[in-house]
2 protein chains.
Amino acid sequence: MVRGKQNGAARGARIGDVAREAGVSTATVSRALAHPAQVSKELRERVGAAVAKLGYTPNAAARQLRVKRSRTVLVVTRRRWSAPFFAEVLRGLDAELSAAGYAMVLANFDGDGGNRSRQLVDMMFSGTIEGAVMLSGIVVAAEGRTMLDAGLPLVSLCAAAEGTHTVLTNEAECIVEGARRLAALGHTDFLYLAGPPSNYNERVRWAALSAFFAEPRQAGLRLRRAESGDFSTDGGLLTAQAFLGLSPRPTAVIASADEIAIGFMKAVRAAGIGVPSDVSVLGFDGIEFADFCEPVLSTIRQPREALGRLGARVLIEAIEAPSLPPLSHHVLPSRLDFRASTGPAPAGAAAPRPQAAPAPKRKSARARVPAPAEGR
Amino acid sequence: MVRGKQNGAARGARIGDVAREAGVSTATVSRALAHPAQVSKELRERVGAAVAKLGYTPNAAARQLRVKRSRTVLVVTRRRWSAPFFAEVLRGLDAELSAAGYAMVLANFDGDGGNRSRQLVDMMFSGTIEGAVMLSGIVVAAEGRTMLDAGLPLVSLCAAAEGTHTVLTNEAECIVEGARRLAALGHTDFLYLAGPPSNYNERVRWAALSAFFAEPRQAGLRLRRAESGDFSTDGGLLTAQAFLGLSPRPTAVIASADEIAIGFMKAVRAAGIGVPSDVSVLGFDGIEFADFCEPVLSTIRQPREALGRLGARVLIEAIEAPSLPPLSHHVLPSRLDFRASTGPAPAGAAAPRPQAAPAPKRKSARARVPAPAEGR
DNA sequence: CTGTTAGCGCCTTCAG
DNA sequence: CTGAAGGCGCTAACAG
């Protein structure tokens, strides 16, 4: 097997070698591979044999230079994301992308001083990438250009962003519904465990929740806020400290992530607080381990893999559309799941208010158009 | 901003446009960008201005075709992996790779009927990739060629594979040490909760454990095995069923993954079995949630991010070495962490044997050579 | 220090 | 249906 003087260089056969071996022209080899129908059966077979014999694989860079397609997309993540959440979204993305023959370049973005930003923006402009999925919720910019300026299709997953296709969940509705359910259980004193304040989802959730509590007819309810700094169990421990210092103590806690809720529960229980006897806890995301902490965590389940799949499908459609399609916006439904960590307000607390609101309107948002392929 | 007739085509300025704008040749533009030192200050600035004015980004495919370097590596994962484990290894990989200016293509491999296999093997031969990290533990093959045949550097992470650089942990030692510690606590009746039997780590762990129990001087110990089918909490529930059907019941359980242990604990506790009063449970990996289940899980902590970082460093070194370096093999230490889920054998069980073994020899394996950059 | 030139490997008109 | 030829955009010799 011929190896180059150095590793790194692809040293295999080139199209000319195959042509010579098969006794045809390079054009015929190219056609036999890309458009078999345009080549006579005999030549097609001769070419196939030569390809197999020489172990020929077309050079991707050369092809790309000609056809201007890389069949590669970029996926931008954010390090501070919840790992279990992230892993499943990624799984959905990979499933759809690879099925459609696209490769996926993964890149973390943490706003580190412009260096990584430039890498990402350059990637958009260098022709290596045909589109991008952003899990970061932010359109990266560097040197006066943004990822958008390259004119490639962009999908923003789990976050809204100007100029991109978006795939979201009805997280705002869900968190309000959670608060409403807790209120119906007699809770009047709430604590919100916040994630990183710069995070899109954190903001949406807080905005929805505080707007709800600001409604005149929720006047009997009180909402406070504790900072975790992070979607992490450590952050949850932090919020527990804050909680323990409050007086009176809230009886209902809504966390912006399951990790936070799990950390919180562990710390307050260690301090002798009962869950849900003293305080009810509601998480967010529906990660696997919400089922295995003590007590089993009530949570808002997000359709993680479906988010990934739909994001991929939207991007692929935009890439393959004959002309730039209009920006699409999808909303996938999350699901409130009350379990052992939530219960009625403790007896000592304020008496349950009369039924707080008219029957909450059913989920209005539904996924539009391309249903994510759920089958394998 | 000029847009092509269709999206997907990079329609920005080309090097010739920049050259014209700056009034120099294309060679000078190329040099000013790649080797600024070789160009006079004045021209360098004129080129820089033209580049900025036109928003020029070199076309990656064309460059790649010339220089035969893509600065891209492939990372092959396996879907069935534990997500929290995987996420952190990936984090380590990304950190080192991006710092060194490499892009990372991520691809799941699940042996799906040869289609994905061909994609992966082709990638190795098409020049898009300069090397690969395999988290799958298997060298993918298709149509008579394997990923190895391309002659590119390959790193096998967390699994041994012929012909690749490997980065492993001392998992075999650790699991035996765990058994020894449990024996020292008086346990004589053991159950191993197996992961997927085709998995490399599963096999190593089982092999080490069963070899230990087969030693003549461990004759008083008994080891059985329950199948989880998977590194998952669901798998753990399955093994719990098996456990509950055993008679007499083992008093010490060693799981091949924390997820399995967590699922197991939940199910047996629901059945009225105390942990560790009736049965001690030892997990494997040290995932975050091992700290948040009930009781806190004893486990063997793997240096997940460090594994990723070291894997990346090894690969980069191999890629950038002037000539093919010899295959390297690194072993990173894992750490046994006994906590609340393990305790003395219950009183009813066989009396503690006299101290089982001579003081276990200290960890002999250490990471050789390139210490993973731990900073930032 | 700068410009001219010759491909890298492939695909795709354009003739035949 | 097949072959010849040009060029995608860039860089690295080689001259000057």
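Note that the coordinates shown come from a computational prediction; the quantities given were computed from them, not determined experimentally. Here is the naming used below: chain letters follow the sequence lines, and residue numbers restart at 1 for every chain.
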Participant: May I ask you to decide whether D122(B) forms a salt bridge with R145(B), counting only side-chain N to carboxylate O separations under 4.0 Å?
Facilitator: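 Between R145(B) and D122(B) there is a salt bridge, with a charged N closer than 4.0 Å to a carboxylate O.
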Participant: So does D94(A) pair up with R116(B), basic N to acidic O under 4.0 Å?
Facilitator: yes
Participant: Look at E305(A) together with R91(A) and state whether they make a salt bridge at an N to O cut-off of under 4.0 Å.
Facilitator: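 Salt bridge absent between E305(A) and R91(A).
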Participant: With sequence neighbours left out, what residues match T166(A) under side chain to side chain donor-acceptor pair (under 3.5 Å)?
Facilitator: H329(A)
Participant: Please report, rounded to the nearest Å, how far the P atom of dG3(C) is from the CG atom of L43(B).
Facilitator: 6 Å
Participant: Between R71(B) and E130(B), does any side-chain N to carboxylate O distance fall below 4.0 Å?
Facilitator: no
Participant: From CZ of R20(A) over to C1' of dT2(D), roughly how many Å is that when rounded to an integer?
Facilitator: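 Roughly 18 Å, once rounded to whole Å.
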Participant: Can you pull out how bent the helix from dC1(C)-dG16(D) to dG16(C)-dC1(D) is, comparing the axes over its first five and last five pairs, to 10°?
Facilitator: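 Comparing the first five pairs with the last five, the axes sit 40° apart.
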Participant: Could you tell me which non-hydrogen atom of T128(A) sits nearest to which non-hydrogen atom of A60(B), and how far apart they are?
Facilitator: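 That would be CG2-CB, 3.7 Å.
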Participant: Base, backbone or nothing for each nucleotide of nucleotides 11-16 of chain C, written B, S, -, heavy atoms under 4.0 angstrom, 5' to 3'?
Facilitator: BBB---
Participant: May I have the distance from L65(B) (atom CG) to dG7(D) (atom C1'), rounded to whole angstrom?
Facilitator: 12 Å
Participant: What's the CG-C1' distance between D17(B) and dC10(D), to the nearest Å?
Facilitator: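 Rounded to the whole Å, the gap is 13 Å.
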Participant: Between K68(B) and dT11(D), does any side-chain N or O lie under 4.0 Å from OP1 or OP2?
Facilitator: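 False: K68(B) side-chain N/O out of range (4.0 Å or more) of dT11(D) OP1/OP2.
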Participant: Measure the distance from CZ on R46(B) to C1' on dT2(C) and round it to the nearest whole Å.
Facilitator: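 It works out to 11 Å between those atoms.
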Participant: Rounded to the nearest angstrom, tell me the gap between atom CG in N59(B) and atom P in dC8(D).
Facilitator: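 To the nearest whole Å, that distance equals 12 Å.
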Participant: Do the side chain of R44(B) and the main chain of A32(B) share a donor and acceptor less than 3.5 angstrom apart?
Facilitator: no
Participant: Specify the separation, in whole Å, of atom CZ of R14(A) and atom P of dG7(C).
Facilitator: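 Rounded to whole Å, this separation is 13 Å.
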Participant: Taking all non-hydrogen atoms of both residues into account, name the closest pair between A132(A) and M124(A) and its distance.
Facilitator: CB-SD, 4.2 Å
Participant: Return the value, rounded to whole Å, for the distance between atom CD of Q38(B) and atom C1' of dG3(C).
Facilitator: 14 Å
Participant: Are any of the side-chain nitrogens in D17(B) or K53(B) under 4.0 Å away from the carboxylate oxygens of its partner?
Facilitator: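 Judged by the 4.0 Å cut-off on N to carboxylate O distance, D17(B) and K53(B) do not form a salt bridge.
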